[in-house]
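Note that this is a predicted model, so its numbers are computed, not measured.
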Amino acid sequence: MFFASSATASSSRATVNSRRIRGISRLAASVVASGLVMAGTLAGASGAAADEAPQHQGGASAVLDGLKTYDVAVLHADGKKQRLPAGLFEMTVDGGGKLKTYCIDIHNPTQDQAKYLETPWAQTSLGSNKNAGRIRWILEHSYPQIDDLSALADAAGTGPLTEKTAAAGTQVAIWRFSDNADVDASDGQAEKLADWLEKSATDTAEPKASLALDPAAVSGRSGERLGPVTVRTNAGQVSVSPPADSASGIKVTDKKGKAVTTAADGSELYFDVPAGSADGSASLTVQATTSVPVGRAFAGVTRSQTQILAGSSESTVSASATATWAKKGAMPALSAKKNCAKGGVDVTASNKGDEAFTFELAGAEHTVEAGKSETVTVPVAEDQAYEFTITGPNGFTKTFKGVLDCKTSGAATTGGLDTQTVDQPNTTTATAGGSTTGAEGDLAETGSSNATPVIAGIAIALVVVGGGAVFFLRRRKGQSSGE
C-alpha cells in the first residue's frame, strides 16, 4: 500500500535575486579557473565513445516533482531567524512509481526536475552522521508512515494534526539530526510533534538497497563463465535482461550454465562467453517492481538537496553489471563509487588476465598484477562535479560521473539570515529549506531553477577547458590486445 494521499499546496516561482546571480557568476569564474589548472595535468583519453550514465549502485532513479505537503518552520542562525517551508517532497520514479521524501540538507537548494538516485548512506552526509539511525526511526514512526493522524497526535501528545503540520513537524525533527539545526515549527502542534520525535528517536540500522548487483563488473577469458554477480534485493523476484547483442551467443546463466531470465535475492549470475568470441565486453540488467525501503537516501545527479525516503509506492528498480573478456593478456574489470570517508571517489580495477594491467589516473601510474585488484581513491572537493573516463583493451571505455555531496552545508556558511515576514513562504514546488552563501530573505528562493541559464553557461565553460574535475584512465602504450 502506498502512503496516505496529501493535499497539494499551491506555490509560485520565486525570483532569483541579483546577489545570487553575482555569487553564481563568481563561482563560474573560480570553477573555470580550476578547470584550466587541472586540465593541463591529466593523462590522455581514448577516442572511443564512453558509457556516460550517472554513477549508480542500483535501485530506484527518480525525478523531483516538488515540495507538495508542507507548513512553516523557523530557522535560527547567526542571531537571526528565517521562515521557510518544511515538509514532504514527491518524486516520480523512472519506469513507474512515486516516492515521498524529506530533505536532509537544510542549507542547500533543490533544482526543479532534478534527477535523483537511490544511494547508500556511506556515500552521503549520513555516512558520518552519528544520528543517521535516529532519522530512520523518525521516518518509521511519523507521517506518512503513520497516516492515522489522530493516533499520531495521541502518541505524541500534540493535539490535532493535519497532513501539513504533521509533515512540517517531522521535517523539523529530521533537520535537528541531519543538520544539527536550531529550527522550530511555527505551528504549535507541529512543534510538539518535532519535540516528541526528537526525544523518542533511537538508533535504527540503515535499510538495505531495493536492488543491487555485487560486484558491478567482472572479467575473464572467453570460453568461460564470468562471475558470479550476486543479486541483492527486497523484491520477491527480478527479471534478467541478457546482453543486447543476442547474435554474439553470450548468455546469462546460473553456476551450472543454465540460462536464466529471472532471479531472486542471493541468486548468482554469470556471463557465459563462448570459446572463440572476439575480445570485448557486455552488460546485463536486472529489474523489479517493489517498495523502496523507508530510510534509503537519494542523492542528486547534479547538486541538489540530498533527500531521505519517507514512503514508496510499488516502483521500478534496476541494476546493471558489466563483463569484459579476452583470449589472453590483461583482463580488467572497472568500477567506481563515492568514498565520503576519504573525500573522493574509489576507482577499483581488478585483473583476471595473465598479464599485468598498468594505467594512469590523476597523474599517478598504477599496476594491477594478474589475478589481483587495486582501488585508487581520487580526491574530489565537496560539491564538486567529477568525471572519470576509463579505457581498457579492445576499445573498452566507461565514464563514471557525479557530484561529491558528502556534507551538509552547516549554518556557519549561510552568511546571516533575515526574517521573512509574510504569512506563508513563497516557494517553488521543489524547495524546502535551502540556502546559499550570503543569501537573504526567503530561503525558498534558493531552490528556484531560474539560474539554469547561468548554470548552463558554467557547464559550457567547463566543457571548453576540459572540466573542473575530469580524470582519464588509460592503458599504457605497448600492452597487448587491441587498443
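- At a threshold of 4.5 Å between non-hydrogen side-chain atoms, the residues Lys337 and Phe400 do not count as touching.
- Looking at Val286, Val238, Val218 one by one, the single match for side-chain contact (heavy atoms from CB on, under 4.5 Å) with Leu269 turns out to be Val286.
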Intermediate values then yes/no, side chain to side chain contact (heavy atoms under 4.5 Å, CB included), Val229 and Asp214: CA-CA 5 Å; Val229 174; Asp214 182 30; over 6 Å; no
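- In this structure, His107 NE2 and Gln82 CD are separated by 10.5 Å, a value rounded to the nearest 0.5 Å.
- Between Asp383 and Arg303 a salt bridge is recorded (basic side-chain N to carboxylate O distance below 4.0 Å).
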From CA spacing to verdict: side chain to side chain contact (heavy atoms under 4.5 Å, CB included), Asp182, Leu75: CA-CA 6 Å; Asp182 183 1; Leu75 176 66; 5.6 Å; no
Between Leu84 and Val74, is a side chain to side chain contact (heavy atoms under 4.5 Å, CB included) present by the stated rule, with each step listed? CA-CA 6 Å; Leu84 69 162; Val74 178; 5.8 Å; no
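- Under the 3.5 Å distance criterion, with hydrogens and angles disregarded, a donor-acceptor pair is assigned to the side chains of Lys98 and Thr92.
- For residues 121-143, the set of pairs meeting the salt bridge (charged side-chain N to carboxylate O under 4.0 Å, His left out) definition, not counting sequence neighbours, comprises Arg136-Glu140.
- Nearest heavy-atom pair, Ala73 versus Val183, reported as atom, atom and distance to 0.1 Å: CB-CG2, 4.1 Å.
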Mind running salt bridge (charged side-chain N to carboxylate O under 4.0 Å, His left out) on Arg176 and Asp184 for me, showing each step along the way? CA-CA 9 Å; Arg176 291 173 183 175; Asp184 305 312; 3.5 Å; yes
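- With Asn129 contributing its side chain and Asn131 its backbone, the two residues share a donor-acceptor pair below 3.5 Å.
- The closest side-chain donor-acceptor pair between Thr165 and Asp71, if any, does not fall under 3.5 angstrom.
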Take Ser283 and Ser320, measure what side chain to side chain donor-acceptor pair (under 3.5 Å) needs, and give me the verdict at the end. CA-CA 7 Å; Ser283 63; Ser320 298; over 6 Å; no
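- A donor and an acceptor atom, one from each side chain of Ser210 and Asn234, are nowhere located under 3.5 Å apart.
- The closest side-chain heavy-atom distance from Leu161 to Leu152 is below 4.5 Å.
- In this structure, the side chain of Ser304 does not engage the main chain of Gly300 through any donor-acceptor pair within 3.5 Å.
- In terms of heavy-atom proximity, Ala235 sits nearest to Thr289 at CB-O, 4.5 Å.
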Check against side chain to side chain contact (heavy atoms under 4.5 Å, CB included), Arg232 and Leu213: CA-CA 6 Å; Arg232 307 293 185 194; Leu213 293 175; over 6 Å; no
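- Minimum heavy-atom separation, Gly343 to Leu404: C-CD2, 3.8 Å.
- At least one side-chain heavy atom of Tyr116 sits less than 4.5 Å from a side-chain heavy atom of Gln307.
- The number of heavy atoms from other shown groups lying within 6.0 Å of CG (Asn180) does not exceed 12.
- Between atom CG of residue Leu149 and atom OG of residue Ser142 there is a gap of 9.0 Å, rounded to the nearest 0.5 Å.
- Interatomic distance, OG1 of Thr119 versus CZ of Phe298, reported as 7.5 Å (0.5 Å rounding).
- Note that the CG atom of Asn108 and the SG atom of Cys103 stand 8.0 Å from one another [nearest 0.5 Å].
- Residues Ile135 and Ser178 are in side-chain contact: their nearest non-hydrogen atoms beyond the backbone lie under 4.5 Å apart.
- Without hydrogens or angle criteria, Thr158 side chain to Ala156 main chain gives no donor-acceptor distance under 3.5 Å.
- Side chain to side chain, Thr348 and Thr375 meet the donor-acceptor criterion of an N or O pair below 3.5 Å.
- Annotation: side chain of Leu211 is in contact with side chain of Val231 (closest heavy-atom distance under 4.5 Å).
- Salt-bridge annotation for Lys68 and Glu90: absent, with no side-chain N of the basic residue lying under 4.0 Å from a carboxylate O of the acidic one.
- Of the residues Leu88, Ile138, Leu309, the one that meets the side-chain contact (heavy atoms from CB on, under 4.5 Å) test with Tyr102 is Leu88.
- Checking side-chain atoms of Lys338 against main-chain N and O of Val403 turns up a donor-acceptor pair under 3.5 Å.
- If you run side-chain hydrogen bond (donor to acceptor under 3.5 Å, both in side chains) between Thr306 and each of Thr408, Thr124, Asp405, only Asp405 comes through.
- A donor atom on one side chain and an acceptor atom on the other are not found under 3.5 Å apart for Thr324 and Ser281.
- The existence of a salt bridge linking Lys100 and Asp65 is excluded, since no basic side-chain nitrogen approaches an acidic carboxylate oxygen closer than 4.0 Å.
- For Asp187 (side chain) and Gln189 (main-chain N/O), a donor-acceptor pair under 3.5 Å exists by modelled atom type.
- Of the possible polar contacts, one joining the Ser239 side chain to the Gln287 backbone as a donor-acceptor pair under 3.5 Å is found.
- Between the Thr204 side chain and the Thr202 main chain, a donor and an acceptor come within less than 3.5 Å of each other.
- For Trp121, there are no ring-ring contact (aromatic ring centres under 6.0 Å, His included) partners, not counting sequence neighbours.
- What you find for Leu334 and Ala349 is that their closest heavy atoms are CD2-CB, 3.5 Å.
- Considering CZ of Phe89 and CD of Gln171, their distance stands at 7.0 Å, rounded to 0.5 Å.
- What you find for Ser315 and Gly97 is that their closest heavy atoms are OG-CA, 3.6 Å.
- Glu198 places no side-chain N or O within 3.5 Å of a backbone atom of Ala173 that could act as its donor or acceptor partner.
- Side-chain atoms of Ile104 and Leu126, non-hydrogen and from C-beta on, do get closer than 4.5 Å to each other.
- Looking at Asn339 and Val345, their side chains never come closer than 4.5 Å, going by heavy atoms from C-beta outward.
- Using a cut-off of 4.0 Å between Lys/Arg side-chain N and Asp/Glu carboxylate O, Glu382 and Lys407 are scored as not salt-bridged.
- A salt bridge does not link Asp265 with Lys208: every distance from a Lys NZ or Arg NE/NH1/NH2 to an Asp or Glu carboxylate oxygen is 4.0 Å or more.
- In this structure a side-chain-to-backbone donor-acceptor pair under 3.5 Å is present from Thr316 to Gly95.
- Between the CG atom of Leu99 and the OG atom of Ser313 there is a distance of 6.5 Å, given to the nearest 0.5 Å.
- Scanning both residues, Leu197 and Gly169, for their nearest heavy atoms gives CD1-O, 4.3 Å.
- Gln57 and Glu118 share no donor-acceptor pair across their side chains, judged by distance under 3.5 Å alone.
- Ser291 and Ser312 are not linked by any side-chain donor-acceptor pair at a separation below 3.5 angstrom, with hydrogens and angles left out of the test.
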